[in-house]
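Scroll down for the structure; my scribbles are underneath it.
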Amino acid sequence: MGPEIENGYLTVENGRITGLGAGPAPAIDGAERVNGRGCLVTPGLVNTHHHLYQWATQGLYQDSTLFEWLTGLYRTWARIDADVTYGAAAAGLAWLALSGATTSTDHHYVFPKGRGDLFEAEVRAATEVGLRFHPCRGSMDRGQSDGGLPPDEVVERTDDILTGTAETIDRYHDPSFDSMLRVAVAPCSPFSVSETLMRESATLARDKGVRLHTHLAETLDEEKHCLEQMGCTPVEYMEKIGWLGDDVWFAHAVHLHDKDIQRFADTGSGSAHCPSSNARLGAGIARVSDLLAAGAPVGLGVDGAASSELTTMAGEMRQAMLFQRAVHGPQALTARQTLEIGTLGGARNLGRHREIGSLEVGKLADIAVWRVDGFRAAIADPVCALVFGPTPPLARLLVGGRTVVENDELRTMSQDAVARAGVTARTRLLREEGE
């Protein structure tokens, strides 16, 4: 990232950063002045993997492996509707904003028939919360009868998926520089998607000029599944079907071989590191230090709340740093490297590193202002205070120059109302399951 300014200013106009430097801010007629004394100003955090609908199923299957957790929850998720999706998405995105995130992805891959427009519901929630949003149109077409993991009732027909995905891109994707909404193509995983869908999805995404995303190498069970059914490792399978490239980022990427890491670096393929979810499910610790050393893009993700309850973006920076140090020693990942993963690294995953992820003149004004005074002032280094310790209070969060959070309170929506919407989503979903 760029040089650090110990005492300085930053100016914003029309949603973009127009100036920054050392010393007092220049006088600008009619400008709102935000006093940043006692604060650390960083780029807004970028969440590169999530499942917002899972806000409605937190706290279940607490001691399960990934495959046990998935098979236990698939039939519950098959009952989601647009109302559940909206309430869960609103609560999940608000929670992200309150932890310093200005941009979030979402990987939604469960589309039961006759349950309303689920994609529209989460887009509406993101618009109301005010975050920059990168929803991924997910899919599953390989149920248990075809050797996949999910039950047949939660998968879609391949042709329906491709048609629906193309329509979603045409309706929602905005490629403009200051876009608040971009769509990615995201078949769920090698164990729930056919090879035909994987190949056709890549062709569709590249024809439409959008990015590709999927889960990969999350557990050793997945590697065993791929070896038995595809005759190769997960990353070898991705290379075979044309899924490596600088327009692709993978969720988790925990169990990578040395040659996999080199292929990620050579092709510019990114990964979304989700340390809390991987730990919660006992999946392992991704080789983040090795990926960075090789030059591969790495971002952070909180993952779905059902496998990463109430995880915050700022908290995930701390987890990422500590996990690497626990395995590789105290120099494995610094506070500043971790902050870069959570900001510019995430922007690279999403193909937006020229627009967001760092504080530079001309970039979008997606900015987090953290309070590091009070007790935290005893830590001489404010970046250390942000990454090593508990999440600091958020004095201000700006998305395109618009205030989304101020003094730890959501300003775009009623914070109490959006929290209740998340509870209502859970109640509605689980009540219907019991009927």
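The aromatic rings of F119 and F111 lie parallel to each other, with less than 30° between the two planes, well short of the 60° mark. The aromatic rings of Y109 and Y53 sit perpendicular to each other, their planes meeting at more than 60°, with 30° as the lower class boundary.
More than 12 heavy atoms of other residues, nucleotides or ligands lie within 6.0 Å of CD in E409, so this atom counts as buried by the packing criterion.
Salt bridge annotation for E4-R336: present, with a cationic side-chain nitrogen under 4.0 angstrom from a carboxylate oxygen. Using a cutoff of 4.0 Å between basic side-chain nitrogens and carboxylate oxygens, D81 and R428 are scored as salt-bridged.
Here the side chain of R115 pairs no donor or acceptor atom with the backbone of D83 at under 3.5 angstrom.
Between H107 and H213, the ring center distance clears the sub-6.0 Å criterion. Taking the ring centroids of H49 and H51, they lie under the 6.0 Å cut-off.
Cation-pi geometry between R124 and Y86 is satisfied (NZ or CZ under 6.0 Å from the ring centre, within 45° of the ring normal).
Between L96 and L131 the shortest side-chain heavy-atom distance falls below 4.5 Å. Looking at L227 and Y237, their side chains never come closer than 4.5 Å, going by heavy atoms from C-beta outward.
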Can I get a per-line list of side-chain donor-acceptor pairs under 3.5 Å for residues 268-283, giving both atom names and the distance, sequence neighbours left out?
unit_1	atom_1	unit_2	atom_2	d
S269	OG	G245	N	2.9
S269	OG	G245	O	3.4
S269	OG	T267	OG1	2.7
S276	OG	E316	OE1	2.6
S276	OG	Q319	NE2	3.3
S277	OG	D303	OD2	2.6
S277	OG	S307	OG	2.9
N278	ND2	H252	ND1	3.0
R280	NE	E309	OE1	3.3
R280	NH1	Y61	O	2.9
R280	NH2	L60	O	3.2
R280	NH2	A306	O	3.3
R280	NH2	E309	OE2	2.6

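A pairwise comparison of heavy atoms in F264 and L244 identifies CE1-CD2, 4.2 Å as the closest pair.
For E32, the salt bridge (Lys or Arg N to Asp or Glu O under 4.0 Å) criterion is met by R396, not counting sequence neighbours.
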